[in-house]
Amino acid sequence: MKITLEEQNDVILLSVSGELDADTCPVFQKEIEPLMERKAAKVEMDLSKLTYISSKALRVLISLMQRLMDSGGSLTVTKVSPSVLDILDMTGLSRSFIKD
Amino acid sequence: MRISPRRAFLLLAAAVGLLIVSLSVFSVYKSRKVSLLNEYENLMEDLQIIADDISSNLDAGDPEYYSFLETTAKVQAEGENFSYLLMDSTGVVISPEFMHGKKLVMKDIRPVETETPAYLAEVWGADCLVLRYHFPDRPLELAGVYDVKYLFADVRYTIASFLLVLALFFGLMLLVFWFFVIPAVERIMARKEQAERELMIAREIQEKALTREFPDDPHCEVSAVLRAMKEVGGDIYRCRLVGRKLYFVVGDVSDKGAAAAFVMFLISSTIHSRVGHGATLAGLMKEINRLLCDNPDYEMFCTLFLGAVDLDTLELEYCNAGHTRTLFDGDFLAQDPQLIVGIDSGFHYHTQRVQLKSGDRILVYTDGVTEARDENRVFFGEKRLRDWMQTRPAAESCAATCEALLDTIARFRGKAPQNDDIAVMCIKIL
């Protein structure tokens, strides 16, 4: 699992590739910890190379989205792989995460 | 009997301390009290004179020879309070009596005036003097003054130094263990005990939340099973027959541990209670959604599949909140994907309906089934599950179907570990 984080024009670009499962989720959580503390941060996620996301990792993403929204920021998924999109659709989270 | 780390360490430290003390006492006991000979040179000269005198005046082999030699040596020795050995040229001890006949093994005899170090020797009863004499053609020879004190002093000093270093090292280890290692071990043990206690509580809660006795009705058969991982998770299943309606729910609370078990119990008992008072499925889903959204401290979300089978009309009404796709009549049920519970308190849930017939089977499960992985990290997946379900004999009981699915998943996984709780509920219309 690989995470890249960069900032461009006040937008934080977060891309995750590989799999977010029980083993890699704690690493992911640690990496995005600083984002949780940022105020009014706009985060865009590229999940096009993410092949699997577990329910625990989803929970982490939802927590991140809620925290960002509470502080005036946002979290959107700009690109997503078909398998992860299927999971987001099934859980009804597509509408929350994905920008039209 | 459980011994705390501190007590165990103290017992060990006491045992080692006792060992060190015993070694010290033993070495002191074994080392000899040897008084210093202050005037070795003078003694050497005196003894050499005696030796020369003896040689010139007495024949070797004469019994008096030995007795004279012994007496003389003893006299010389008495003033300085040391003992002596007499041995012949082959190294056999002549005197004192208690050493008679013993072979003295000496690698070297160190003259007292030299600085050469003492070699290890078996000298028993003798402190410092060794006279050696030869027959008859050679004069009596003073082999030297072997100061056993040096030997034992060296050995004693060596032993003493070693024990001192050992004691210091032991003391240092004691401090390190007492102030650092033991507290760390105690912290780890306390955390482990707390985790075990939490696991026990969570398991008890989970026990109470799941249906154990399934309704017995001539029109339907229900069974469900849960295979939990070591850590208690948040999978739910529950069913209840209220009048002619069979209500059931299968769900998956995110997170693990006692907190998840508590939320699972809350949801499960809310559903169980409300269905008995005529609650609608959409209303129930709304209530549970509010329950989780209004308590942000839980920070938990939940997928839920709520269903109600009217056993008279055989209509299934269901409401899905982000749950896995239910299998029905050999294929997937048309489920509108609605938001998982606990995200948006204002989300509006709706229900769907489908007509059942005799022989239909419904399989509701949690993602521990489809997301089970084998040793090559391949998922079990929905397609494999659907295909598997299509092979089940029509006459198979629901309980058998559930168990068979668990076995199939276990065989599929092989040596790969179970990565999530698995809950399966099977309902058959008779």
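Order of the sequence lines sets the chain letters (A, B, ...), proteins ahead of strands, with each chain counted from 1.
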Steps toward side-chain contact (heavy atoms from CB on, under 4.5 Å) verdict (Arg377(B), Tyr52(A)): CA-CA 11 Å; Arg377(B) 296 185 67 75; Tyr52(A) 169 70; over 6 Å; no
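Annotation: the span from Phe301(B) atom CZ to Leu58(A) atom CG amounts to 9.5 Å, rounded to 0.5 Å. A distance of 11.5 Å separates CG of Asp252(B) from OG1 of Thr91(A), quoted to the nearest 0.5 Å. Rounding to the nearest 0.5 Å places CG of Asp367(B) at 5.0 Å from OG of Ser55(A).
Closest heavy-atom contact between His323(B) and Met90(A): O-CG, 3.5 Å. The heavy-atom pair separating Pro337(B) from Asp89(A) by the smallest distance is CB-O, 3.0 Å. Scanning both residues, Ile343(B) and Gln66(A), for their nearest heavy atoms gives O-NE2, 3.8 Å.
The local environment of CZ in Arg413(B) is crowded, with over 12 non-hydrogen atoms from other residues, nucleotides or ligands closer than 6.0 Å. Within a 6.0 Å radius of NE2 in His350(B), other residues, nucleotides and ligands contribute more than 12 heavy atoms. Annotation for Asp70(A): atom CG counts as buried by contact number, over 12 foreign heavy atoms lying within 6.0 Å. When the shell of 6.0 Å around CD of Glu7(A) is examined, it contains more than 12 heavy atoms from other residues, nucleotides or ligands.
For Asp344(B) and Arg95(A), the salt-bridge test fails: no basic side-chain N is under 4.0 Å from an acidic carboxylate O.
Contact annotation for Arg325(B): both backbone and side-chain heavy atoms come within less than 4.5 Å of a heavy atom of chain A.
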